[in-house]
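Here is how names work: the chains are called A, B, and so on, in the same order as the sequence lines, proteins then strands, and each is numbered from 1.
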Protein chains: 2
Amino acid sequence: MRVKGQIRRGRRAEYSATTKRALVEVARELFTEQGYAGTSLDAIVAGADVTKGALYHHFAGKQALFEAVFEKVEQHASRAIHDRIKNEKDPWEKARAGLRAFLEVVRDPTYRRVVIQDGPAVLGYERFREQEERSTYANVLVIVTSVLSTGEWDLEPAMQRTFATIFFGAMSAAGESVSLAEDPEAAGDRVEAAIGIILDGLQALTSAR
Amino acid sequence: MRVKGQIRRGRRAEYSATTKRALVEVARELFTEQGYAGTSLDAIVAGADVTKGALYHHFAGKQALFEAVFEKVEQHASRAIHDRIKNEKDPWEKARAGLRAFLEVVRDPTYRRVVIQDGPAVLGYERFREQEERSTYANVLVIVTSVLSTGEWDLEPAMQRTFATIFFGAMSAAGESVSLAEDPEAAGDRVEAAIGIILDGLQALTSAR
DNA sequence: GGGTTCACATACCATCAGTACGTACTTACG
DNA sequence: CGTAAGTACGTACTGATGGTATGTGAACCC
């Protein structure tokens, strides 16, 4: 059963997928505007022009729907960052490029609300980290690992992960403050400068010995 | 109307204060165990052995009660950290002492759940920051300011706040990962070592010039 | 083309935050 | 000392909301 080289999934399957996407998309918008707690399932299904039967057919519940939204947002952000650092060869340049990319990502209201603000509370911290592990945090870990390989530190993996966690937390907090500042442009520059100084310090340690 | 040199507030006022403290205390326990969303007001008033009438007499609502709990927890944490850094004279030593103190504070399940996990989502990020501003974050800012004064950086206040935000975020994330690690002891040591290296780097920058 | 399955829709339930109102005790005042 | 007023609750209720049980019609398979 093939059409134009693609596997024909049947009308029913396509309609189903469309409904599911619509639910996730509407949920994403409402979660962004009103937060998780402030968004009712009734509002979501009304926006997607379906009923709760459809929602509970596709998702186990409100939290599962949120997680689907969360995953999509993270995936988008992760890809944006990855695209910006994959071509940088020098580890230190890669770090600075990644930082700039993240500061752009965090300006997206959806990312802030869904991932940073509501994410930990709704998913629980363990599940939150579990999701981060394969998206934005993964990018940070790659960068940190590559930076730490420049010196003669030879840190064990656990230590590399500790550094990644620290930088990830720093960037999240910084990103949040940037997008909430009255002058996000200037605030972003300050963050870039501050982390730049920290990186300079680490760089100084490697060249010193 | 005085008793033992204290102003006598009357029995009713004392009973009232006792009821209020009981509500906050029970709420603190339940919020810690089951989170904000998972805790019902019925459970809180039952635990405090009062009714919802009492709760709504003392607090505007569930969120206001949470904020009272939040404030108390933050106050306790902030004081614990302050006590540990006030005697340290050398800025760098003060920073390391503050870090160690924070890593202890963050091991308290109540602090993690109420302040780090639920805080931002329940209070909203702006109100969350507003509260932090005069508690734990204030401590970090003091440390950062004193550390930055050692070099010839001469950074503007906005930049100092940026550094404080960065370190505060780093420590929050690190603290969370520490308390969730299978070996919190070792994880704490790693965090201390990692931030120590970052501080070393900054220190190297000052002595280099 | 007839039975089966899937993708929903409908109707309903239980929980819970919040409100309206009543009440007993206490304080202030004469 | 007595009474009016206010405070600190208790009781009873409502609306909103997440979740469930069940029905149904169209698409799929043989």
Side-chain angles (χ1 to χ4, degrees), chain A residues 1-3 6-27 30-31 33-70 118 121-124, chain B residues 1-3 6-27 30-31 33-70 118 121-124:
Chain A
M1 205 186 235
R2 283 166 170 278
V3 175
Q6 281 193 330
I7 296 171
R8 177 75 176 278
R9 298 166 54 217
R11 281 191 306 228
R12 199 161 69 173
E14 283 184 22
Y15 289 157
S16 174
T18 300
T19 302
K20 191 170 182 177
R21 273 197 306 269
L23 281 169
V24 173
E25 178 54 25
V26 172
L30 294 181
F31 284 158
E33 292 166 15
Q34 313 168 16
Y36 178 79
T39 303
S40 73
L41 294 184
D42 287 336
I44 294 175
V45 298
D49 211 45
V50 292
T51 62
K52 290 170 79 169
L55 196 158
Y56 277 90
H57 176 74
H58 287 289
F59 302 96
K62 191 182 183 183
Q63 188 172 335
L65 175 58
F66 177 85
E67 198 161 348
V69 172
F70 182 96
D118 283 345
V122 174
L123 300 181
Chain B
M1 205 186 238
R2 283 166 171 275
V3 175
Q6 281 193 331
I7 296 172
R8 177 76 177 278
R9 297 164 57 216
R11 282 191 307 231
R12 196 160 72 170
E14 284 183 21
Y15 290 158
S16 173
T18 300
T19 302
K20 191 170 182 177
R21 275 198 304 270
L23 280 170
V24 172
E25 177 55 26
V26 171
L30 294 181
F31 284 157
E33 292 167 14
Q34 313 167 15
Y36 178 79
T39 303
S40 73
L41 294 185
D42 287 335
I44 293 175
V45 297
D49 211 45
V50 292
T51 62
K52 289 171 81 168
L55 196 158
Y56 277 91
H57 176 73
H58 288 288
F59 302 96
K62 191 182 183 184
Q63 188 172 333
L65 175 57
F66 177 85
E67 198 160 348
V69 172
F70 183 96
D118 283 344
V122 174
L123 299 180

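- Using a 4.0 Å heavy-atom distance criterion, A:Thr39 is classed as a sugar-phosphate-only contact.
- The distance from atom CG of A:Leu55 to atom P of C:dA7 is 15 Å, rounded to the nearest whole Å.
- Both A:Lys20 and B:Gln63 sit near DNA chain C, but only A:Lys20 has its closest nucleotide nearer the 5' end.
- For A:Leu41 and C:dA11, the CG to P distance is 19 Å, given to the nearest whole Å.
- For C:dA7, neither phosphate oxygen OP1 nor OP2 lies less than 4.0 angstrom from any side-chain nitrogen or oxygen of A:Thr19.
- Side-chain proximity of B:Thr51 to the nucleotides D:dG10, C:dA9, C:dC16 is greatest for D:dG10.
- One finds a side-chain N or O of A:His58 lying less than 4.0 angstrom from the OP1 or OP2 phosphate oxygen of C:dC8.
- Between A:Thr39 and A:Lys62, the shortest heavy-atom contact is O-NZ, 2.9 Å.
- Proximity of B:Val24 to B:Val69: side-chain heavy atoms (C-beta onward) are separated by under 4.5 Å at one or more points.
- The side chain of B:His57 lies closest to D:dC9 when the candidates are D:dC9, C:dA9, C:dA7.
- Atom CZ of B:Phe59 and atom C1' of C:dT19 are 18 Å apart (whole Å).
- Distances were taken from every side-chain heavy atom of B:Val50 (C-beta onward) to each of D:dG19, D:dG10, C:dA9; the shortest belongs to D:dG10.
- The aromatic rings of A:Tyr36 and A:Phe31 lie tilted to each other, with the angle between the two planes from 30° to 60°.
- Protein atom CD of A:Gln34 is 10 Å distant from nucleotide atom P of D:dT17, rounded to whole Å.
- The heavy-atom pair separating A:Gln63 from A:Val122 by the smallest distance is NE2-O, 3.5 Å.
- Distance CD1/B:Ile44 to CZ/B:Phe59: 9.5 Å, rounded to 0.5 Å.
- Atom OH in B:Tyr56 sits roughly 7 Å away from atom P in C:dA17 (whole-Å rounding).
- Heavy-atom nearest nucleotides on DNA chain D were determined for B:Tyr15 and for A:Gly53, and the one closer to the 5' end corresponds to B:Tyr15.
- Here C:dG18 presents its P atom at 11 Å from CG of B:Leu65, a figure rounded to the nearest Å.
- Note: CD1 (A:Ile44) to C1' (D:dG19) measures 14 Å, nearest angstrom.
- With hydrogens and angles ignored, a donor-acceptor pair under 3.5 angstrom links the side chain of B:Lys52 to the base of C:dA17.
- The interatomic distance linking A:Asp42 (CG) with D:dT20 (P) rounds to 15 Å, in whole Å.
- Taking side-chain N and O atoms only, A:Ser16 has no distance below 4.0 Å to OP1 or OP2 of C:dC6.
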